[in-house]
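For reference, the structure discussed in these notes is given below.
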Amino acid sequence: MQKGDHLFLVDGSAYIFRAYHALPPLTRKSDGLPVGAVSGFCNMLWKLVEEARETAVGVAPTHFAVIFDYSSTTFRNALYDGYKANREAPPEDLIPQFPLIREAVRAFDLPCIEKEGYEADDLIATYACHAVAAGGEVTIVSSDKDLMQLVGPQVILYDQMKDKRLGPEEVKEKFGVYPEKMIDLQALVGDTSDNVPGVPGIGPKTAAQLLDEYGDLETLLARASEIKQAKRRENLIQFADQARLSKKLVTLDCSTPLDTPLDELFVHEPDGEKLIAFLKAMEFTSLTRRVSTKLGLEASSVEAAPVATTGALRGPDFDGATKPAQFVTAATSSLLPLSPVAHAAAVLEGAKPAPFDRSTYVTIRDVETLEAWMDEAREAGILAFDIETNSLFANMADLVGVSFATAPGRAAYVPLAHASAATTGDLWDEKGADDSVGPQIPLDVALSILKPVLEDPAVLKIGQNFKFDCLVMSRYGVTIAPFDDTMLISYALDASSSLEGHGMDELSERFLGHKPISYKELCGSGKGQVAIAHCAIDKVTEYAAEDADVTLRLWKTLKPRLAGEGLTAVYERLERPLLPVLMRMEARGIRVDRDILSRLSARFSQKAAALEEEIAELAGERFNPGSPKQIAEILFGKLGLPGGKKTKTGQWSTDAKVLEELALSGNPIARHIVDWRQLTKLKGTYTDALPAYMDGEGRIHTSYSMASTTTGRLSSSEPNLQNIPVRTEEGRAIRTAFIAPPGKKLLSADYSQIELRILAHVADIPQLKTAFQEGLDIHAMTASEMFGVPVEGMPSEIRRRAKAINFGIVYGISAFGLSNQLSIPREEAGAYIRRYFERFPGIRDYMDEAKAFCREHGYVETLFGRRAHYPDIRHSNASVRAALERAAINAPIQGTAADIIRRAMIRMEDALAEARLSARMLLQVHDELIFEVEEDEIEATIPVVKRVMEEAALPAVELSVPLEVEARAADNWDEAH
DNA sequence: TACAGATCTTA
DNA sequence: GTAAGATCTGTAC
């Protein structure tokens, strides 16, 4: 090698994992051998070899090598036995591909380098050092940060996926230090994936800053006592040796003995036939075509190479690459002494239920088989059940098929309404369809077999997000009972703001370590999406049966935790019984007057158009008032108005608050933009959008989510009927479109001040409790306590401020927030809060207790035992921590209110039935319930509804303040509210 | 086509 | 200052 030469070093092991994860899983050769990663690997390698000159690297290699990890034990394990100890085993279907990938490299006629006792990174470092010494240049094909220490004037990293080259400047940009200091930075930061410890509490940002200030690791450790931040100083002193060890672990070894000298890595013409023979054997048709075209060979004249495709080819090389000791397989374990811990782990691994195997799932196409499965369900007493439909709207979804599982791994799919693969708009499709998809049990026959089991009191049905399935099935005359819902179990256990969610795919990955086939993988997404009824039935079987299988396994994992963690009552009293109630509310829907909405749309659109003219006039040009960016350009740029605050992306904010202030200082354009926004918002979000959700009877069916808030509140979507406008007159007009059918009225019943009442109870504030008991004006009373002003003749501004403080308290008040809300200086807001705490010291005690409880347990509780988890409550960033503390203060209050209205809803239907009333509950808006009531039953219904709501906390909790409910009936929601 | 950000609606 | 969801713009893929 000499000056001008260019060496490419491909980090083969990293390449494999990128190829594996970049490609859709389960790519198999015709004999069933998984080859997805091999395919991705070959494509990437070919692309790199062929197109290096056109990439960001810009030169073609003169020397080339692909380098792999060989074994798990290296000199680093001698330094630190925890090294790479928490690496997970490679995916099952990837393992047989490791040897094939080495075959692939040889087929490309490229050197395939690996060495026992050394990691790929050390080999790469050594070759790079040799090449630099010889005056050559080096491109390392990898984006691994561990390799960044090698970057220098002659060495760059190349990220092929992103086609980006990383030189010293890019490293500096990414990590804040130049490559020479990467080792020190890594030593401080550590690396979770390799189990390099580093120094606790130091991340990349802090490490870069420290190295910038002190120069290098040793100097930093020597002068650690000078550091101001107490925690950081302590850690650097305490963990100095750990940092030194980490440094040794991350430092790459440039003196690896090389079996293949650098000069032998020179590039030569590949043996085209050998390569094509391999690619053909792998059945990579398009790559075979590309390669043969490029090399000017006729692919058909080359015979596929015999490639060993069994496990026999598994060499000693690959499993060590990532497998930690405790996953050593039976075959090798006899050679290695297992520690007791590793042994226990191996035993536990063996006790795990059968791994997921989609090939065992059954497609049921005849009555006898279906009956046999139902017998099995009766025998087992449990049945995980899932449906596939043609719509996500449960009120209009039709069944396409059903799946179920009776035991882990034992699952089946029953196609019921599949049609042939879609060709667009062909009239013959519908008739010819059934022939090409094979036999299906007629829907009514299948239902007659399923129904007795789904309704059998001795068979527990298990679903995931079961409200959807129950609702659809109810439209087929099936009332599923008894049941459990894994989504609700998970929610009762783990409602948390930082945990992702309670969807099946997430739960499966979290609790079963298994990634199910996603809907997207089955049906595609966006324009390419296909109806499930048109997907191949064998694919749908894998997908649908897997969902049932996963649901069953989740239930087995999660259900026992309820009792273990004392959450059975929450699940059985607040979650599960609400599901059928909400299901019926969604099924009923609420009547909406289409004409009212369209008249409002016309009115809003006319007014908005007029405003748009005036805005253009005032601005001197036309622009889009819907674009905050353009507004900022016009107002703060062209017109030179003073900007207020900035958004987090650095743009000038143009929110209503900023514009209101500009309007007050005499800028009519700001006022007009605010008004325009309001009108277009009302039109776009409500009057235009709502009619699209109406069904044939003029009713809208929202969907309630029982598991998407941290506090226990419900949420409503498609459409969201919990944010229908009420504050402005124009907005309120939208509520007049929500009506009752002839002969009926809408009844609205809402809790008055429920959260403040709960606060008065839990924080035990005598003045507040008395005020509520005596039915006083709570905000006026607060103002009077705080400012010493008599309630009689109190200025409205004083009361308004007290009201804002009361709300703020419930939200975990901060001076910043209150000053924002009231548009007063931060100091003044702070003074208010101090005075509030002086007058009501119990409030501060409550807040401190909530925070302390949360710090200790990681969660807070409502009066009914519902938990909201805040695992990051001890976050080191003070403002993040403060935000979590506010949430932890608010959650028990908001959550208790949510629990109370849930209890009311659960009891409501029986109470109405017992009173022989026909009122139907339609909507819930956090502290309000909306009913449809026969006109002549209104008088009788109101007291029943009020009683159920006001007594909803009893007998579990006896509040020391009364709950009050206001109820009113009218022709539309506006007047009833 | 998909996603994040800004804004606005509710309790 | 709490808890949500929808729409539109603008940009990245």
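Just so it is clear, the model here is predicted, and its values are computed rather than measured. The figures here come from the full heavy-atom set of this structure, side chains too, leaving out hydrogens, waters and symmetry mates. Order of the sequence lines sets the chain letters (A, B, ...), proteins ahead of strands, with each chain counted from 1.
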With a cut-off of less than 4.0 Å, is there a side-chain N or O of [X] near OP1 or OP2 of [N]?
X	N	value
A/Ser716	B/dT10	no
A/Arg727	B/dT10	yes
A/Thr654	B/dA6	no
A/Ser627	C/dG10	yes
A/Thr647	B/dA6	yes
A/Thr649	B/dA6	yes
A/Ser715	C/dG5	yes

State which of [options] makes the closest approach to the side chain of [X].
X	options	answer
A/Gln630	C/dT2, C/dA4, C/dG10	C/dG10
A/Ala887	B/dC8, C/dA3, B/dA6	C/dA3
A/Lys629	B/dC8, C/dA3, C/dT11	C/dT11
A/Asn890	B/dA6, C/dT2, C/dA6	C/dT2
A/Asp655	B/dC8, C/dA3, B/dA6	B/dC8
A/Arg886	C/dT2, C/dA3, B/dT7	C/dT2
A/Arg735	C/dT2, C/dG5, B/dT10	B/dT10
A/Lys648	B/dT9, B/dA6, C/dA3	B/dA6
A/Ser653	B/dT7, B/dT9, C/dG5	B/dT7

Answer with base, sugar-phosphate or nothing: what part of the nucleic acid does [X] contact at a heavy-atom distance below 4.0 Å?
X	value
A/Ala689	sugar-phosphate
A/Glu755	nothing
A/Ser705	nothing
A/Asn624	sugar-phosphate
A/Val925	sugar-phosphate
A/Ile724	sugar-phosphate
A/Ser814	base
A/Asn720	sugar-phosphate
A/Tyr686	sugar-phosphate
A/Gln821	base
A/Arg677	sugar-phosphate
A/Arg713	base
A/Glu718	sugar-phosphate
A/Ala804	base

Subject >> Residue among A/Val674, A/Asn667, A/Ile673 satisfying side chain to side chain contact (heavy atoms under 4.5 Å, CB included) with A/Leu662 >> reply: A/Asn667

Original post:
Taking the six-membered ring for Trp, are A/Tyr832 and A/Phe787 parallel (under 30°), tilted (30 to 60°) or perpendicular (over 60°)?
Top reply: perpendicular

**OP:** Could you check whether the rings of A/Tyr491 and A/His502 sit parallel, tilted or perpendicular, using 30° and 60° as the cut-offs?
**Re:** perpendicular

Over how many whole Å does the gap from [X] atom [atom1] to [N] atom [atom2] extend?
X	N	atom1	atom2	result
A/Ile930	B/dA11	CD1	P	10 Å
A/Lys681	C/dT9	NZ	P	12 Å
A/Lys646	B/dT7	NZ	P	13 Å
A/Arg866	C/dA3	CZ	P	15 Å
A/Asn806	B/dA11	CG	C1'	16 Å
A/Tyr491	C/dA3	OH	P	12 Å
A/Phe623	C/dT9	CZ	C1'	14 Å
A/Met706	C/dA4	CE	C1'	16 Å

**OP:** Look at the side chain of A/Gln894 and the base of C/dT2, then say whether one donor and one acceptor between them are separated by less than 3.5 Å.
**Re:** yes

Original post:
Hey, are A/Tyr846 and A/Asp764 close enough side-chain-wise for a donor-acceptor pair under 3.5 Å?
Top reply: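 Per modelled atom types, A/Asp764 and A/Tyr846 side chains form no pair under 3.5 Å.
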
**OP:** Determine whether the side chains of A/Asp974 and A/Thr736 contain a donor N or O and an acceptor N or O closer than 3.5 Å.
**Re:**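 No, no side-chain donor-acceptor contact under 3.5 Å.
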
**OP:** Identify the heavy atoms of A/Ile930 and A/Glu928 that sit nearest to each other, and give their distance.
**Re:** CD1-OE2, 3.1 Å

**OP:** Please report the shortest heavy-atom distance between A/Ser601 and A/Asp688, naming the atom on each side.
**Re:** OG-OD1, 2.6 Å

Original post:
Roughly how far, to the nearest 0.5 Å, is the CD atom of A/Gln753 from the CG atom of A/Asp750?
Top reply: 10.0 Å

